[in-house]
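The figures here come from the full heavy-atom set of this structure, side chains too, leaving out hydrogens, waters and symmetry mates. Convention: sequence-line order gives letters A, B, ...; per-chain numbering from 1.
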2 protein chains.
Amino acid sequence: MQTVDKALSLLSYFSEQRPSVGLSELARLSGFNKATTRRFLVALEKHGIVEQDATTRSYRLGAGLLRLARVREATNPVAAIVQPVLNDLVSVTGETAHFSLYAGGSLATVGLSESAKSSRVMLGKGEAIPLHATASGLAYLAFARPAITDRVLSKALPAFTEHTVTGADKIRRQLSSVRKQGVAVARNTFEDGVCGIAAPVFDSDGFACGTVAIAAPAARAQRKVIASVQPEVMRAANEISLAMGAEPRSG
Amino acid sequence: MQTVDKALSLLSYFSEQRPSVGLSELARLSGFNKATTRRFLVALEKHGIVEQDATTRSYRLGAGLLRLARVREATNPVAAIVQPVLNDLVSVTGETAHFSLYAGGSLATVGLSESAKSSRVMLGKGEAIPLHATASGLAYLAFARPAITDRVLSKALPAFTEHTVTGADKIRRQLSSVRKQGVAVARNTFEDGVCGIAAPVFDSDGFACGTVAIAAPAARAQRKVIASVQPEVMRAANEISLAMGAEPRSG
DNA sequence: AATCATCGGTTCATTAAATGAACCGATAAG
DNA sequence: CTTATCGGTTCATTTAATGAACCGATGATT
(Lines give C-alpha, C1' and ligand atoms only; values in the text may rest on other atoms or scores of the structure.)
Protein backbone atom coordinates (compact mmCIF):
# COMPACT_ATOMS: atom_id res chain seq x y z
CA MET A 1 0.00 0.00 0.00
CA GLN A 2 2.72 2.26 -1.16
CA THR A 3 0.61 5.28 -1.90
CA VAL A 4 -0.79 5.55 1.63
CA ASP A 5 2.69 4.97 2.99
CA LYS A 6 4.15 7.81 0.99
CA ALA A 7 1.34 10.18 1.89
CA LEU A 8 1.68 9.49 5.61
CA SER A 9 5.45 9.77 5.47
CA LEU A 10 4.98 13.46 4.75
CA LEU A 11 3.80 13.93 8.32
CA SER A 12 7.25 13.17 9.66
CA TYR A 13 8.62 16.35 8.08
CA PHE A 14 6.55 18.47 10.45
CA SER A 15 8.18 19.17 13.80
CA GLU A 16 8.31 21.86 16.40
CA GLN A 17 11.29 23.26 14.48
CA ARG A 18 9.43 23.06 11.18
CA PRO A 19 5.79 23.74 12.02
CA SER A 20 4.87 24.66 8.46
CA VAL A 21 6.33 23.91 5.04
CA GLY A 22 5.54 24.93 1.47
CA LEU A 23 4.61 22.57 -1.32
CA SER A 24 7.88 22.79 -3.25
CA GLU A 25 10.00 22.47 -0.14
CA LEU A 26 8.05 19.44 1.06
CA ALA A 27 8.46 17.84 -2.35
CA ARG A 28 12.20 18.40 -2.12
CA LEU A 29 12.42 17.09 1.44
CA SER A 30 10.40 13.97 0.65
CA GLY A 31 11.82 13.37 -2.81
CA PHE A 32 8.31 13.10 -4.26
CA ASN A 33 7.16 14.87 -7.39
CA LYS A 34 5.53 18.21 -6.68
CA ALA A 35 2.24 17.17 -8.31
CA THR A 36 2.20 13.96 -6.31
CA THR A 37 3.04 15.78 -3.08
CA ARG A 38 0.23 18.18 -3.65
CA ARG A 39 -2.24 15.35 -4.19
CA PHE A 40 -1.12 13.76 -0.94
CA LEU A 41 -1.55 17.06 0.91
CA VAL A 42 -5.02 17.59 -0.51
CA ALA A 43 -6.04 14.13 0.68
CA LEU A 44 -4.52 14.71 4.15
CA GLU A 45 -6.22 18.09 4.34
CA LYS A 46 -9.59 16.59 3.50
CA HIS A 47 -9.38 14.56 6.71
CA GLY A 48 -8.03 17.39 8.86
CA ILE A 49 -4.60 15.76 9.17
CA VAL A 50 -2.93 18.82 7.64
CA GLU A 51 -4.24 22.25 6.83
CA GLN A 52 -3.08 25.01 4.50
CA ASP A 53 -2.50 28.51 5.74
CA ALA A 54 -4.74 30.78 3.69
CA THR A 55 -2.17 33.58 3.58
CA THR A 56 1.20 31.89 3.13
CA ARG A 57 -0.14 28.83 1.29
CA SER A 58 2.15 26.65 3.38
CA TYR A 59 0.96 23.49 5.09
CA ARG A 60 0.93 22.59 8.74
CA LEU A 61 -0.43 19.77 10.89
CA GLY A 62 -4.21 20.04 11.19
CA ALA A 63 -6.77 20.34 13.96
CA GLY A 64 -8.23 16.95 13.08
CA LEU A 65 -5.21 15.41 14.78
CA LEU A 66 -6.39 16.92 18.05
CA ARG A 67 -9.67 15.12 17.85
CA LEU A 68 -8.04 11.77 17.04
CA ALA A 69 -5.53 12.28 19.84
CA ARG A 70 -8.40 13.06 22.24
CA VAL A 71 -10.23 9.87 21.23
CA ARG A 72 -7.00 7.96 21.72
CA GLU A 73 -6.43 9.57 25.11
CA ALA A 74 -10.02 9.11 26.24
CA THR A 75 -9.92 5.39 25.50
CA ASN A 76 -6.29 4.54 26.08
CA PRO A 77 -4.86 7.24 28.31
CA VAL A 78 -1.12 7.58 28.61
CA ALA A 79 -1.75 8.23 32.31
CA ALA A 80 -3.19 4.75 32.65
CA ILE A 81 0.17 3.38 31.67
CA VAL A 82 2.37 6.07 33.14
CA GLN A 83 0.89 6.21 36.64
CA PRO A 84 1.46 2.50 37.53
CA VAL A 85 4.99 2.73 36.15
CA LEU A 86 5.72 5.80 38.31
CA ASN A 87 4.08 4.16 41.34
CA ASP A 88 6.29 1.10 40.83
CA LEU A 89 9.34 3.30 40.59
CA VAL A 90 8.43 4.98 43.88
CA SER A 91 7.91 1.58 45.54
CA VAL A 92 11.28 0.34 44.37
CA THR A 93 13.34 3.48 45.00
CA GLY A 94 11.47 5.14 47.82
CA GLU A 95 11.73 8.54 46.14
CA THR A 96 9.36 10.83 44.23
CA ALA A 97 9.07 9.95 40.53
CA HIS A 98 7.85 12.08 37.68
CA PHE A 99 7.32 11.96 33.95
CA SER A 100 7.77 15.09 31.84
CA LEU A 101 7.08 15.99 28.23
CA TYR A 102 8.98 18.55 26.18
CA ALA A 103 6.96 21.47 24.92
CA GLY A 104 7.70 25.05 24.02
CA GLY A 105 11.32 25.16 25.10
CA SER A 106 11.06 23.35 28.42
CA LEU A 107 9.89 20.16 30.05
CA ALA A 108 6.55 20.06 31.83
CA THR A 109 5.73 17.48 34.48
CA VAL A 110 2.63 15.60 33.39
CA GLY A 111 2.83 12.53 35.63
CA LEU A 112 3.79 12.35 39.27
CA SER A 113 4.04 9.82 42.07
CA GLU A 114 5.24 11.01 45.43
CA SER A 115 7.43 9.29 47.94
CA ALA A 116 5.81 8.34 51.27
CA LYS A 117 8.84 9.57 53.19
CA SER A 118 8.33 12.71 55.25
CA SER A 119 11.62 14.08 53.90
CA ARG A 120 10.97 14.05 50.17
CA VAL A 121 11.25 16.29 47.14
CA MET A 122 8.00 18.08 46.32
CA LEU A 123 7.08 18.62 42.68
CA GLY A 124 4.06 20.13 41.02
CA LYS A 125 2.34 19.05 37.84
CA GLY A 126 2.72 21.51 35.03
CA GLU A 127 5.89 23.05 36.44
CA ALA A 128 8.37 24.05 33.74
CA ILE A 129 11.72 22.34 34.19
CA PRO A 130 14.85 24.14 32.93
CA LEU A 131 16.74 21.97 30.51
CA HIS A 132 20.38 22.65 31.30
CA ALA A 133 20.09 22.58 35.08
CA THR A 134 18.18 19.39 35.85
CA ALA A 135 18.69 15.67 35.40
CA SER A 136 15.49 15.53 33.33
CA GLY A 137 16.66 18.40 31.18
CA LEU A 138 20.03 16.79 30.51
CA ALA A 139 18.48 13.40 29.82
CA TYR A 140 16.17 15.04 27.32
CA LEU A 141 18.80 17.17 25.58
CA ALA A 142 21.17 14.23 25.19
CA PHE A 143 18.64 12.39 23.04
CA ALA A 144 16.59 15.24 21.58
CA ARG A 145 16.61 16.29 17.96
CA PRO A 146 20.00 18.05 17.58
CA ALA A 147 18.42 21.31 16.41
CA ILE A 148 16.64 21.59 19.77
CA THR A 149 19.83 20.92 21.75
CA ASP A 150 21.79 23.40 19.64
CA ARG A 151 19.19 26.08 20.15
CA VAL A 152 18.99 25.57 23.91
CA LEU A 153 22.77 25.68 24.27
CA SER A 154 23.12 28.77 22.09
CA LYS A 155 21.17 30.84 24.59
CA ALA A 156 22.37 32.36 27.82
CA LEU A 157 22.04 29.69 30.50
CA PRO A 158 21.16 31.01 33.98
CA ALA A 159 22.63 29.65 37.18
CA PHE A 160 20.16 28.48 39.83
CA THR A 161 22.75 27.38 42.41
CA GLU A 162 26.51 27.68 42.67
CA HIS A 163 26.67 24.18 41.19
CA THR A 164 24.72 24.96 38.01
CA VAL A 165 26.81 24.34 34.86
CA THR A 166 26.28 27.27 32.50
CA GLY A 167 29.01 26.77 29.89
CA ALA A 168 27.70 25.21 26.65
CA ASP A 169 30.92 23.28 26.03
CA LYS A 170 30.90 21.73 29.46
CA ILE A 171 27.22 20.83 29.11
CA ARG A 172 27.94 19.19 25.75
CA ARG A 173 30.53 17.00 27.46
CA GLN A 174 27.97 16.13 30.09
CA LEU A 175 25.46 15.24 27.35
CA SER A 176 28.02 12.99 25.71
CA SER A 177 28.42 11.14 28.98
CA VAL A 178 24.63 10.90 29.41
CA ARG A 179 24.32 9.38 25.94
CA LYS A 180 26.89 6.76 26.84
CA GLN A 181 25.25 5.90 30.12
CA GLY A 182 21.64 6.32 29.03
CA VAL A 183 20.83 8.24 32.19
CA ALA A 184 21.53 11.68 33.69
CA VAL A 185 22.41 12.48 37.29
CA ALA A 186 22.26 16.07 38.55
CA ARG A 187 23.03 17.03 42.12
CA ASN A 188 22.36 20.52 43.54
CA THR A 189 22.27 22.05 40.05
CA PHE A 190 18.75 23.47 40.15
CA GLU A 191 17.99 23.41 43.85
CA ASP A 192 20.43 22.88 46.69
CA GLY A 193 19.92 19.62 48.53
CA VAL A 194 18.15 17.86 45.63
CA CYS A 195 19.53 15.06 43.47
CA GLY A 196 17.81 13.95 40.27
CA ILE A 197 18.27 10.80 38.20
CA ALA A 198 16.57 10.80 34.79
CA ALA A 199 16.28 8.75 31.60
CA PRO A 200 14.87 9.83 28.22
CA VAL A 201 11.45 8.79 26.95
CA PHE A 202 11.03 8.28 23.19
CA ASP A 203 8.03 8.24 20.91
CA SER A 204 7.66 7.07 17.32
CA ASP A 205 10.05 9.57 15.73
CA GLY A 206 13.23 8.18 17.31
CA PHE A 207 14.14 11.26 19.30
CA ALA A 208 13.45 11.94 22.94
CA CYS A 209 10.06 13.50 23.66
CA GLY A 210 10.32 13.58 27.46
CA THR A 211 11.86 11.96 30.50
CA VAL A 212 11.26 9.85 33.56
CA ALA A 213 13.10 10.91 36.71
CA ILE A 214 13.30 10.39 40.40
CA ALA A 215 14.15 13.25 42.74
CA ALA A 216 15.73 12.57 46.13
CA PRO A 217 17.19 14.66 48.94
CA ALA A 218 20.91 14.81 48.15
CA ALA A 219 21.74 13.43 51.60
CA ARG A 220 20.15 10.10 50.67
CA ALA A 221 21.66 9.93 47.21
CA GLN A 222 24.97 8.16 47.87
CA ARG A 223 26.79 6.59 44.96
CA LYS A 224 25.60 3.05 45.59
CA VAL A 225 22.02 4.26 45.91
CA ILE A 226 22.36 6.05 42.56
CA ALA A 227 23.86 2.91 41.03
CA SER A 228 20.89 0.82 42.11
CA VAL A 229 18.30 3.39 41.04
CA GLN A 230 19.64 4.02 37.52
CA PRO A 231 18.49 0.75 35.93
CA GLU A 232 15.05 1.16 37.54
CA VAL A 233 14.63 4.63 36.04
CA MET A 234 15.77 3.35 32.64
CA ARG A 235 13.34 0.41 32.82
CA ALA A 236 10.48 2.77 33.66
CA ALA A 237 11.46 5.16 30.85
CA ASN A 238 11.55 2.28 28.40
CA GLU A 239 8.10 1.09 29.44
CA ILE A 240 6.62 4.54 28.98
CA SER A 241 8.42 4.88 25.64
CA LEU A 242 6.59 1.80 24.36
CA ALA A 243 3.27 3.40 25.40
CA MET A 244 4.28 6.52 23.51
CA GLY A 245 4.74 4.54 20.33
CA ALA A 246 8.50 4.00 20.36
CA GLU A 247 9.94 0.93 18.67
CA PRO A 248 10.94 -1.77 21.15
CA ARG A 249 14.62 -1.50 22.14
CA SER A 250 16.95 -4.37 21.27
CA GLY A 251 18.78 -6.11 24.12
CA MET B 1 -5.87 10.43 -4.54
CA GLN B 2 -8.63 8.01 -3.83
CA THR B 3 -6.54 5.42 -2.09
CA VAL B 4 -5.23 7.80 0.59
CA ASP B 5 -8.75 9.16 1.02
CA LYS B 6 -10.17 5.73 1.66
CA ALA B 7 -7.41 4.77 4.05
CA LEU B 8 -7.85 7.92 6.13
CA SER B 9 -11.62 7.59 6.13
CA LEU B 10 -11.18 4.52 8.32
CA LEU B 11 -10.11 6.77 11.16
CA SER B 12 -13.59 8.23 11.45
CA TYR B 13 -14.94 4.88 12.61
CA PHE B 14 -12.97 5.15 15.84
CA SER B 15 -14.67 7.07 18.62
CA GLU B 16 -14.92 7.09 22.36
CA GLN B 17 -17.84 4.69 21.96
CA ARG B 18 -15.90 2.48 19.59
CA PRO B 19 -12.31 2.66 20.74
CA SER B 20 -11.31 -0.54 18.96
CA VAL B 21 -12.66 -2.49 16.02
CA GLY B 22 -11.80 -5.77 14.31
CA LEU B 23 -10.74 -6.14 10.70
CA SER B 24 -13.95 -7.72 9.43
CA GLU B 25 -16.15 -5.29 11.28
CA LEU B 26 -14.20 -2.30 10.00
CA ALA B 27 -14.50 -3.69 6.45
CA ARG B 28 -18.28 -3.93 6.93
CA LEU B 29 -18.57 -0.46 8.44
CA SER B 30 -16.49 1.16 5.70
CA GLY B 31 -17.80 -0.92 2.81
CA PHE B 32 -14.24 -1.76 1.71
CA ASN B 33 -13.03 -5.23 0.85
CA LYS B 34 -11.46 -7.02 3.81
CA ALA B 35 -8.11 -7.43 2.02
CA THR B 36 -8.09 -3.77 1.10
CA THR B 37 -9.05 -2.72 4.62
CA ARG B 38 -6.24 -4.76 6.03
CA ARG B 39 -3.73 -3.16 3.68
CA PHE B 40 -4.94 0.27 4.76
CA LEU B 41 -4.59 -0.67 8.44
CA VAL B 42 -1.09 -2.02 7.92
CA ALA B 43 -0.07 1.24 6.29
CA LEU B 44 -1.66 3.34 9.05
CA GLU B 45 -0.02 1.15 11.67
CA LYS B 46 3.40 1.62 10.11
CA HIS B 47 3.11 5.34 10.85
CA GLY B 48 1.66 4.92 14.33
CA ILE B 49 -1.74 6.22 13.29
CA VAL B 50 -3.40 2.99 14.41
CA GLU B 51 -2.12 0.05 16.35
CA GLN B 52 -3.23 -3.55 16.70
CA ASP B 53 -3.92 -5.07 20.08
CA ALA B 54 -1.67 -8.12 20.36
CA THR B 55 -4.26 -10.14 22.26
CA THR B 56 -7.58 -9.31 20.62
CA ARG B 57 -6.14 -8.55 17.19
CA SER B 58 -8.47 -5.54 16.96
CA TYR B 59 -7.28 -2.10 15.91
CA ARG B 60 -7.35 1.17 17.78
CA LEU B 61 -6.01 4.67 17.26
CA GLY B 62 -2.23 4.74 17.75
CA ALA B 63 0.24 6.55 19.97
CA GLY B 64 1.75 8.26 16.93
CA LEU B 65 -1.27 10.52 16.92
CA LEU B 66 -0.20 11.87 20.31
CA ARG B 67 3.12 12.99 18.93
CA LEU B 68 1.54 14.69 15.93
CA ALA B 69 -1.05 16.34 18.17
CA ARG B 70 1.76 17.56 20.46
CA VAL B 71 3.65 19.07 17.50
CA ARG B 72 0.44 20.68 16.37
CA GLU B 73 -0.26 22.02 19.86
CA ALA B 74 3.30 23.21 20.41
CA THR B 75 3.29 25.23 17.22
CA ASN B 76 -0.36 26.20 16.89
CA PRO B 77 -1.88 25.92 20.35
CA VAL B 78 -5.62 25.87 20.70
CA ALA B 79 -5.08 28.10 23.72
CA ALA B 80 -3.59 30.78 21.47
CA ILE B 81 -6.92 30.98 19.68
CA VAL B 82 -9.17 30.18 22.61
CA GLN B 83 -7.75 32.64 25.14
CA PRO B 84 -8.30 35.83 23.07
CA VAL B 85 -11.80 34.64 22.21
CA LEU B 86 -12.60 34.08 25.89
CA ASN B 87 -11.01 37.43 26.83
CA ASP B 88 -13.20 39.16 24.21
CA LEU B 89 -16.25 37.42 25.58
CA VAL B 90 -15.42 38.68 29.07
CA SER B 91 -14.90 42.20 27.76
CA VAL B 92 -18.24 42.19 26.00
CA THR B 93 -20.33 40.46 28.67
CA GLY B 94 -18.50 41.41 31.85
CA GLU B 95 -18.76 37.81 33.16
CA THR B 96 -16.38 34.88 33.56
CA ALA B 97 -16.04 32.83 30.37
CA HIS B 98 -14.77 29.28 29.98
CA PHE B 99 -14.16 26.66 27.33
CA SER B 100 -14.59 22.98 28.15
CA LEU B 101 -13.85 19.75 26.32
CA TYR B 102 -15.72 16.49 26.73
CA ALA B 103 -13.71 13.56 28.02
CA GLY B 104 -14.44 10.46 30.00
CA GLY B 105 -18.11 11.12 30.73
CA SER B 106 -17.89 14.77 31.71
CA LEU B 107 -16.72 18.19 30.54
CA ALA B 108 -13.41 19.56 31.76
CA THR B 109 -12.63 23.26 31.73
CA VAL B 110 -9.49 23.79 29.66
CA GLY B 111 -9.71 27.53 28.98
CA LEU B 112 -10.74 30.29 31.33
CA SER B 113 -11.03 34.07 31.42
CA GLU B 114 -12.31 35.64 34.59
CA SER B 115 -14.51 38.67 35.00
CA ALA B 116 -12.92 41.73 36.62
CA LYS B 117 -16.01 42.25 38.79
CA SER B 118 -15.54 41.58 42.49
CA SER B 119 -18.82 39.65 42.50
CA ARG B 120 -18.10 36.96 39.94
CA VAL B 121 -18.32 33.22 39.45
CA MET B 122 -15.07 31.43 40.23
CA LEU B 123 -14.12 28.42 38.14
CA GLY B 124 -11.08 26.19 38.18
CA LYS B 125 -9.29 24.64 35.22
CA GLY B 126 -9.63 20.90 35.06
CA GLU B 127 -12.85 20.84 37.09
CA ALA B 128 -15.29 18.16 35.93
CA ILE B 129 -18.64 19.65 34.95
CA PRO B 130 -21.76 17.46 35.34
CA LEU B 131 -23.59 17.17 32.07
CA HIS B 132 -27.25 17.26 33.03
CA ALA B 133 -27.01 20.06 35.58
CA THR B 134 -25.10 22.83 33.86
CA ALA B 135 -25.57 25.06 30.83
CA SER B 136 -22.33 23.69 29.37
CA GLY B 137 -23.51 20.15 29.94
CA LEU B 138 -26.84 20.74 28.26
CA ALA B 139 -25.26 22.59 25.34
CA TYR B 140 -22.91 19.66 24.87
CA LEU B 141 -25.51 16.90 25.16
CA ALA B 142 -27.87 18.64 22.72
CA PHE B 143 -25.29 18.36 19.94
CA ALA B 144 -23.23 15.35 21.04
CA ARG B 145 -23.19 12.01 19.33
CA PRO B 146 -26.60 10.49 20.26
CA ALA B 147 -25.01 7.42 21.85
CA ILE B 148 -23.32 9.67 24.40
CA THR B 149 -26.51 11.53 25.21
CA ASP B 150 -28.47 8.29 25.52
CA ARG B 151 -25.89 6.83 27.87
CA VAL B 152 -25.75 9.91 30.09
CA LEU B 153 -29.54 10.07 30.36
CA SER B 154 -29.86 6.36 31.08
CA LYS B 155 -27.98 6.76 34.35
CA ALA B 156 -29.25 8.06 37.66
CA LEU B 157 -28.95 11.84 37.57
CA PRO B 158 -28.12 13.44 40.92
CA ALA B 159 -29.64 16.69 42.12
CA PHE B 160 -27.19 19.43 43.15
CA THR B 161 -29.80 22.03 44.08
CA GLU B 162 -33.56 21.98 44.42
CA HIS B 163 -33.69 23.33 40.84
CA THR B 164 -31.69 20.49 39.25
CA VAL B 165 -33.73 18.65 36.63
CA THR B 166 -33.17 14.91 37.10
CA GLY B 167 -35.86 13.35 34.91
CA ALA B 168 -34.49 12.06 31.57
CA ASP B 169 -37.69 12.93 29.67
CA LYS B 170 -37.71 16.49 30.93
CA ILE B 171 -34.02 16.87 30.10
CA ARG B 172 -34.67 15.57 26.58
CA ARG B 173 -37.29 18.28 26.12
CA GLN B 174 -34.76 20.81 27.34
CA LEU B 175 -32.20 19.47 24.86
CA SER B 176 -34.71 19.80 22.06
CA SER B 177 -35.16 23.44 22.95
CA VAL B 178 -31.38 23.96 23.15
CA ARG B 179 -30.99 22.49 19.66
CA LYS B 180 -33.57 24.94 18.32
CA GLN B 181 -31.97 27.93 19.98
CA GLY B 182 -28.35 26.87 19.62
CA VAL B 183 -27.59 27.86 23.21
CA ALA B 184 -28.36 26.56 26.70
CA VAL B 185 -29.28 28.61 29.75
CA ALA B 186 -29.21 27.05 33.22
CA ARG B 187 -30.03 28.96 36.37
CA ASN B 188 -29.39 27.59 39.88
CA THR B 189 -29.26 24.01 38.58
CA PHE B 190 -25.76 23.14 39.73
CA GLU B 191 -25.06 25.83 42.25
CA ASP B 192 -27.52 28.25 43.80
CA GLY B 193 -27.03 31.84 42.69
CA VAL B 194 -25.22 30.97 39.46
CA CYS B 195 -26.55 31.32 35.94
CA GLY B 196 -24.76 29.77 32.95
CA ILE B 197 -25.18 30.46 29.22
CA ALA B 198 -23.41 27.99 26.92
CA ALA B 199 -23.05 27.10 23.23
CA PRO B 200 -21.60 23.92 21.71
CA VAL B 201 -18.14 23.73 20.13
CA PHE B 202 -17.65 21.36 17.20
CA ASP B 203 -14.60 19.74 15.67
CA SER B 204 -14.15 17.96 12.37
CA ASP B 205 -16.53 15.07 13.03
CA GLY B 206 -19.70 17.14 13.04
CA PHE B 207 -20.70 16.44 16.63
CA ALA B 208 -20.09 18.65 19.66
CA CYS B 209 -16.71 18.13 21.32
CA GLY B 210 -17.05 20.83 23.98
CA THR B 211 -18.65 24.13 24.86
CA VAL B 212 -18.09 27.81 25.46
CA ALA B 213 -20.00 29.33 28.36
CA ILE B 214 -20.23 32.39 30.53
CA ALA B 215 -21.14 32.09 34.20
CA ALA B 216 -22.77 35.01 36.01
CA PRO B 217 -24.29 35.59 39.44
CA ALA B 218 -27.99 34.87 38.94
CA ALA B 219 -28.87 38.31 40.34
CA ARG B 220 -27.26 39.97 37.29
CA ALA B 221 -28.71 37.55 34.75
CA GLN B 222 -32.01 39.23 33.89
CA ARG B 223 -33.80 38.18 30.72
CA LYS B 224 -32.57 41.08 28.59
CA VAL B 225 -29.00 40.51 29.73
CA ILE B 226 -29.31 36.85 28.73
CA ALA B 227 -30.77 37.89 25.37
CA SER B 228 -27.80 40.13 24.64
CA VAL B 229 -25.21 37.61 25.81
CA GLN B 230 -26.49 34.62 23.82
CA PRO B 231 -25.28 35.71 20.36
CA GLU B 232 -21.88 36.64 21.82
CA VAL B 233 -21.46 33.16 23.31
CA MET B 234 -22.53 31.58 20.02
CA ARG B 235 -20.10 33.73 18.08
CA ALA B 236 -17.25 32.74 20.42
CA ALA B 237 -18.19 29.05 20.19
CA ASN B 238 -18.22 29.26 16.43
CA GLU B 239 -14.79 30.86 16.32
CA ILE B 240 -13.32 28.17 18.56
CA SER B 241 -15.04 25.49 16.46
CA LEU B 242 -13.17 26.69 13.39
CA ALA B 243 -9.90 26.38 15.34
CA MET B 244 -10.90 22.85 16.27
CA GLY B 245 -11.26 21.91 12.64
CA ALA B 246 -15.02 22.26 12.18
CA GLU B 247 -16.40 23.12 8.77
CA PRO B 248 -17.42 26.78 8.50
CA ARG B 249 -21.13 27.27 9.29
CA SER B 250 -23.38 28.70 6.61
CA GLY B 251 -25.26 31.93 7.31
C1' DA C 1 11.56 48.33 -16.44
C1' DA C 2 13.17 43.91 -17.75
C1' DT C 3 14.84 39.51 -16.60
C1' DC C 4 15.37 35.54 -13.82
C1' DA C 5 14.31 32.14 -10.30
C1' DT C 6 11.11 30.02 -7.65
C1' DC C 7 6.65 29.72 -5.90
C1' DG C 8 1.92 27.05 -5.90
C1' DG C 9 -0.68 24.71 -8.96
C1' DT C 10 -2.43 21.85 -13.31
C1' DT C 11 -2.52 18.45 -17.16
C1' DC C 12 -2.65 13.95 -19.58
C1' DA C 13 0.11 10.16 -21.73
C1' DT C 14 2.43 6.71 -19.45
C1' DT C 15 3.41 3.76 -15.67
C1' DA C 16 2.49 1.55 -11.53
C1' DA C 17 -0.27 0.19 -7.82
C1' DA C 18 -4.63 -1.26 -5.97
C1' DT C 19 -8.27 -4.36 -5.96
C1' DG C 20 -11.29 -8.19 -4.42
C1' DA C 21 -13.23 -13.01 -5.11
C1' DA C 22 -11.80 -17.01 -3.49
C1' DC C 23 -9.31 -19.34 -0.38
C1' DC C 24 -6.86 -20.65 4.20
C1' DG C 25 -6.45 -22.15 9.29
C1' DA C 26 -8.27 -20.94 13.78
C1' DT C 27 -11.85 -20.26 17.07
C1' DA C 28 -16.34 -20.02 19.16
C1' DA C 29 -21.19 -21.10 19.17
C1' DG C 30 -24.89 -24.32 18.51
C1' DC D 1 -19.51 -32.61 14.75
C1' DT D 2 -21.15 -28.76 12.07
C1' DT D 3 -21.57 -24.06 11.08
C1' DA D 4 -20.40 -19.27 11.12
C1' DT D 5 -17.18 -15.88 11.54
C1' DC D 6 -12.76 -14.39 12.63
C1' DG D 7 -7.99 -12.49 10.82
C1' DG D 8 -5.25 -13.08 7.09
C1' DT D 9 -3.31 -14.21 2.06
C1' DT D 10 -3.06 -14.63 -3.05
C1' DC D 11 -2.77 -13.22 -7.99
C1' DA D 12 -5.42 -12.24 -12.31
C1' DT D 13 -7.81 -8.25 -13.30
C1' DT D 14 -8.93 -3.55 -12.84
C1' DT D 15 -8.10 0.93 -11.49
C1' DA D 16 -5.49 4.69 -9.86
C1' DA D 17 -1.16 7.14 -9.50
C1' DT D 18 2.58 9.29 -11.59
C1' DG D 19 5.62 13.11 -13.17
C1' DA D 20 7.63 15.97 -17.11
C1' DA D 21 6.22 19.88 -18.92
C1' DC D 22 3.65 23.67 -18.53
C1' DC D 23 1.04 27.83 -16.37
C1' DG D 24 0.47 32.55 -13.95
C1' DA D 25 2.13 34.96 -9.92
C1' DT D 26 5.61 36.93 -7.06
C1' DG D 27 9.91 38.57 -5.38
C1' DA D 28 14.80 39.43 -6.19
C1' DT D 29 18.31 41.06 -9.14
C1' DT D 30 20.25 43.80 -12.72
Going by side chain to side chain donor-acceptor pair (under 3.5 Å), name the residues that satisfy it together with [X], two or more places apart in sequence or in a different chain.
{"X": "K155(A)", "result": "none"}
{"X": "D88(A)", "result": "none"}
{"X": "S58(A)", "result": "T56(A)"}

Check whether any side-chain N or O of [X] sits under 3.5 Å from a backbone N or O of [Y] as a donor-acceptor pair, and report yes or no.
{"X": "S30(B)", "Y": "F32(B)", "value": "yes"}
{"X": "H132(B)", "Y": "A168(B)", "value": "no"}
{"X": "E45(B)", "Y": "V50(B)", "value": "no"}
{"X": "E73(A)", "Y": "V78(A)", "value": "yes"}
{"X": "R18(A)", "Y": "Y13(A)", "value": "yes"}

Between R172(A) and D150(A), does any NZ, NE, NH1 or NH2 come within less than 4.0 Å of an OD or OE carboxylate oxygen? yes

Does the pair R235(A)/E232(A) count as a salt bridge with the N-to-O cut at 4.0 Å? yes

With nearest nucleotides of DNA chain C determined for Y59(A) and V4(A) from heavy-atom distances, which residue corresponds to the more 5′ nucleotide? Y59(A)

Please compare Q2(B) and Q52(A) by the position of their nearest nucleotide in DNA chain C and report the one closer to 5'.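 First, find each residue's nearest nucleotide; the 5'-ward one identifies Q52(A).
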
Among residues 32-48 of chain A, which ones have heavy-atom contacts with DNA chain D below 4.0 Å?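 Output list: N33(A), A35(A), T36(A), R39(A), F40(A).
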
Just to be sure I understand the geometry, which residues of residues 18-26 of chain A put a non-hydrogen atom under 4.0 Å away from DNA chain D? none

So, is T3(A) near the phosphate of dA16(C), with a side-chain N or O under 4.0 Å from OP1 or OP2? no

What's the [atom1]-[atom2] distance between [X] and [N], to the nearest Å?
{"X": "D5(B)", "N": "dA18(C)", "atom1": "CG", "atom2": "P", "value": "14 Å"}
{"X": "D53(A)", "N": "dG8(C)", "atom1": "CG", "atom2": "P", "value": "12 Å"}
{"X": "M1(A)", "N": "dA17(C)", "atom1": "CE", "atom2": "P", "value": "12 Å"}

Contact pattern, 5' to 3', of nucleotides 25-30 of chain C - B, S or - by protein heavy atom under 4.0 Å: ------

Of all the choices, dG8(D), dT18(D), dG9(C), which nucleotide is nearest to the side chain of R57(A) once you look at every atom?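 Ranking dG8(D), dT18(D), dG9(C) by closest atom to the R57(A) side chain puts dG9(C) first.
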
Do the rings of Y140(B) and Y102(B) sit parallel, tilted or perpendicular, given the 30° and 60° boundaries?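 Geometry flag for Y102(B) against Y140(B): parallel rings.
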
